[in-house]
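Below is one structure; the comments refer to it alone.
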Amino acid sequence: MIRASAPAKVNLVFQVGKLQSDGYHSVNSLYLELDLREELSLTKGQAGSGIQIFVRGENLPARHINSVPRDNTNLVYKVAEAMFARAEVVLEDLEIDILKRIPVAGGMAGGSADAAAMLIACNEYLHLYHQIPRLAKAELIELAAEFGSDVPFSVLGGLAVGTDRGQKLSALDPLGFETHWVIAISNEGLSTPAVYDRFDELAGGTSFTELGQPIGSIAELAELMVNDLEGAATYLLPAISQTKAQLVELGALKAMVSGSGPTVIGLFASRDSADQAAQELSSAGVTCFIASASYGGTRLL
Ligand code: C5P
């Protein structure tokens, strides 16, 4: 059995430009990896079983787990097809087990993390069972863009600037201070294209700023944080603004929508203060948990 683990992301900065002719928006994004991880295991399936996908969750409402497709529309299925085709190996019967911890359709790259884990697991599988030379991480990062704009970052992890569709990455040194996050998840998911469509209708982006500079302190980070999709996400799910206000009231240095939402993230300087805010937010009926910055990206276990 091959096991891989892949992290969630938040966008500390997410600036969105105009819709391009390829149907995507140019973005300027500062990605940060969190210590909230999906785990995927890959084994040879029973002869004739095809590709079977099993999904279970940890600390996530059932809706999240139930809404994950188990068929060939799941990104992990597409990764399997592409990796086997690339290696010129006939697609085999495979059993793929996914343990989900990242909110589904939440703006935290949960599906992208699964795709990243599958890329690395397939790379290993094809090497072990078919003696195909392993692709280097840089090659996997390049291939990853085929499966979604966030998948390259899910493979790379850490702190990085993403441009173009978000897939063009330049890695940065880790933050020089700790960051702890309260992750408030919504009862409803948001579709990324729907949020972008609403963004176009509202036509409200900021201009792109230089994101490669070192961030001196957590206060500076709080000041820097912005998400151009927040207005569109809040338009589609107005409850977002209440969650943001609650997080600020509970001491968050900044509260903001993650990616295309609807997950709201609150920034805290210590694990204790994040933990306390999460407990109070939970008591107020909001499903939430805590996470911290981490570095390392997708890896085999
Ligand atoms: O790349 P990904 O598959 O995650 O994108 C999903 C959808 O989100 C795209 O089909 C597009 O509608 C929108 N999108 C965009 N601009 C980006 C990334 C995604 O418009 N930079």
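Remember, it's 1-based here, ligands and their atoms both numbered in the order they're listed.
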We want to know whether [X] and [Y] form a side-chain donor-acceptor pair, criterion being a heavy-atom distance below 3.5 angstrom.
| X | Y | result |
| --- | --- | --- |
| S292 | E178 | no |
| Y24 | D164 | no |
| D200 | H25 | yes |
| E92 | Y125 | yes |

#### Entry: Heavy atoms from other residues, nucleotides or ligands near CD of E81 exceed 12 (cutoff 6.0 Å)
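More than 12 heavy atoms, drawn from other residues, nucleotides or ligands, come within 6.0 Å of this atom.
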### Atom CZ of R63 with >12 non-hydrogen neighbours under 6.0 angstrom
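Yes, because the 6.0 Å sphere around CZ of R63 holds more than 12 heavy atoms from other groups.
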### Query
Any idea which residues sit under 4.0 Å from ligand 1, heavy-atom distances?
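Ligand 1 pocket, heavy atoms under 4.0 Å: G23, Y24, H25, V27, G148, S149, R165, T192, P193, Y196.
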